[in-house]
Amino acid sequence: MRGSHALRHWQTPAVKRKRPDAAASKSNHVAADPNLKSRGFARQNLLDIFKAMFEWAKTKPAELGNGDLHESIDLDDPDKLAMAVEEALFDSTATAKNGTLVAGDQYKAKCRSLIFNLKDQTNVRLRRRVLTKGSLHVDATALVRLSPEDLASEVVRAQADRVHRESLKNAFVPRAGGPPRLCRHGRLWRQVQEAAQGRSRD
């Protein structure tokens with residue numbers, strides 16, 4: 001009895017386990033999936049945009065022009081298109097990091113461009129390309145591969161073209177006794193470089 005009592009006396013007392021903290025659990029989950037935050041942000045924004053776009057198509061069908069809805073479009077299910085676009089976006093822009101595909105800078109830049117242009121209520125041309133049948137229709141895969149010029153509204157494209165022409169016109173400064181010299185200073189030079197790079201890619 002005395003030996004048994006001594007054994008019980010020196011046994012390690014039971015430790016009450018704490019429930020995992022919710023915030024810590026969420027933080028660990030995010031750390032385990034580095035894409036969770038970026039992709040979640042993209043999907044939610046795309047869902048909100050397509051909800052508004054589909055409601056616009058329902059209430060203002062005349063704005064769709066003469067085109068009929070594409071068979072892949074269900075105006076009661078914007079989530080389907082939002083998921084498809086985000087997945088196509090990730091597939092086309094994800095970069096490898098430590099053996100894992102991540103939503104990096106290219107993903108985020110293209111995501112911002114898509115959100116900006118799809119949200120633009122004056123960009124009727126892009127909305128028609130997404131929603132209606134025809135040779136100009138774009139599915140999710142084609143949408144995420146459109147250039148900034150193809151995504152932009154007519155107004156934005158006209159403004160960009162005007163800035164481009166003015167930049168090229170003003171980029172060269174006179175030089176006595178020789179040909180004009182390209183100004184390499186400040187914002188103007190950066191605009192000219194970006195324009196030239198865009199033209200060379202085309």
Side-chain angles (χ1 to χ4, degrees), residues 22 25-97 99-161 198 201-202:
S25 177
K26 183 177 180 180
S27 176
N28 292 336
H29 185 47
V30 171
D33 184 357
N35 299 312
L36 188 64
K37 184 177 180 180
S38 295
R39 298 191 69 180
F41 172 86
R43 288 182 178 182
Q44 185 58 56
N45 276 272
L46 289 168
L47 177 58
D48 293 342
I49 288 169
F50 288 129
K51 279 181 178 179
M53 187 185 296
F54 285 14
E55 188 62 27
W56 168 84
K58 288 180 181 179
T59 57
K60 298 181 179 179
E63 294 287 343
L64 295 175
N66 298 323
D68 296 324
L69 278 179
H70 194 271
E71 55 270 16
S72 65
I73 299 296
D74 181 357
L75 294 182
D76 294 321
D77 189 10
D79 186 65
K80 177 182 176 182
L81 183 56
M83 292 283 288
V85 171
E86 192 284 323
E87 288 176 1
L89 173 62
F90 184 77
D91 290 342
S92 65
T93 61
T95 53
K97 184 177 182 181
T100 303
L101 288 177
V102 297
D105 292 341
Q106 188 179 357
Y107 174 95
K108 294 173 184 177
K110 189 65 177 184
C111 180
R112 288 192 296 269
S113 179
L114 285 169
I115 290 173
F116 174 81
N117 289 290
L118 289 169
K119 187 184 291 186
D120 184 357
Q121 296 183 10
T122 68
N123 200 345
V124 177
R125 177 176 174 273
L126 180 59
R127 291 185 171 204
R128 288 174 178 172
R129 295 191 68 181
V130 171
L131 297 176
T132 61
K133 296 179 180 179
S135 59
L136 295 179
H137 172 75
V138 288
D139 60 10
T141 301
L143 177 63
V144 302
R145 295 181 184 276
L146 289 179
S147 68
E149 292 79 11
D150 288 332
L151 284 170
S153 68
E154 296 293 341
V155 173
V156 172
R157 290 165 71 185
Q159 291 174 343
D161 188 57
R201 285 195 295 269
D202 295 340

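Note that these values count all heavy atoms, side chains included, but never hydrogens, waters or copies made by symmetry. Residue numbers start at 1 and run along the sequence shown.
Taking all atoms of both residues into account, the shortest heavy-atom contact from R128 to E63 is NE-O, 2.8 Å. Here the shortest heavy-atom pairing between N123 and L151 reads ND2-O, 2.8 Å. Minimum heavy-atom separation, Q121 to V124: O-CG2, 4.1 Å. Closest non-hydrogen pair, N35 versus V102, comes out as OD1-CA, 3.1 Å. Residues H70 and S72 come closest through the heavy atom pair ND1-OG, 2.8 Å. L131 approaches I73 most closely through the heavy-atom pair O-CG1, 3.7 Å.
Between L126 and D120 the shortest side-chain heavy-atom distance does not fall below 4.5 Å. Using a 4.5 Å cut-off on side-chain heavy atoms (C-beta onward), V130 and L81 make contact. The shortest distance between side-chain heavy atoms of L47 and P78 falls below 4.5 Å. Taking the side chain as every heavy atom from C-beta outward, L64 and W56 approach each other to under 4.5 Å. Between Q106 and K110, every side-chain heavy-atom pair lies at or beyond the 4.5 Å cut-off.
The line from CD of E71 to CG of L69 is 10.0 Å long, rounded to the nearest 0.5 Å. Between the CD1 atom of I49 and the CG atom of N117 there is a distance of 9.5 Å, given to the nearest 0.5 Å.
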Item to check | Verdict with supporting geometry, Y107 and L101, side chain to side chain contact (heavy atoms under 4.5 Å, CB included) | outcome: CA-CA 11 Å; Y107 174 95; L101 288 177; over 6 Å; no
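Atom CZ of F54 is surrounded by more than 12 heavy atoms from other residues, nucleotides or ligands within 6.0 Å. Around atom NZ of K60, no more than 12 heavy atoms belonging to other residues, nucleotides or ligands sit under 6.0 Å away.
Of the listed residues (E86, K51, M83), just one forms a side chain to side chain contact (heavy atoms under 4.5 Å, CB included) with L46, and that residue is E86.
A distance-only check finds no donor-acceptor pair linking the side chain of D68 to the backbone of K133 [under 3.5 Å].
Residues that satisfy the salt bridge (charged side-chain N to carboxylate O under 4.0 Å, His left out) test with R129, not counting sequence neighbours, are absent from this structure.
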Side chains of residues 87-97: which donor-acceptor pairs under 3.5 Å do they make with residues two or more places apart or in other chains?
from, atom 1, to, atom 2, distance (Å)
S92, OG, A88, O, 3.1
S92, OG, L89, O, 3.2
T93, OG1, L89, O, 2.6

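With respect to R145 and D150, no salt bridge is recorded, no charged nitrogen being found less than 4.0 Å from a carboxylate O.
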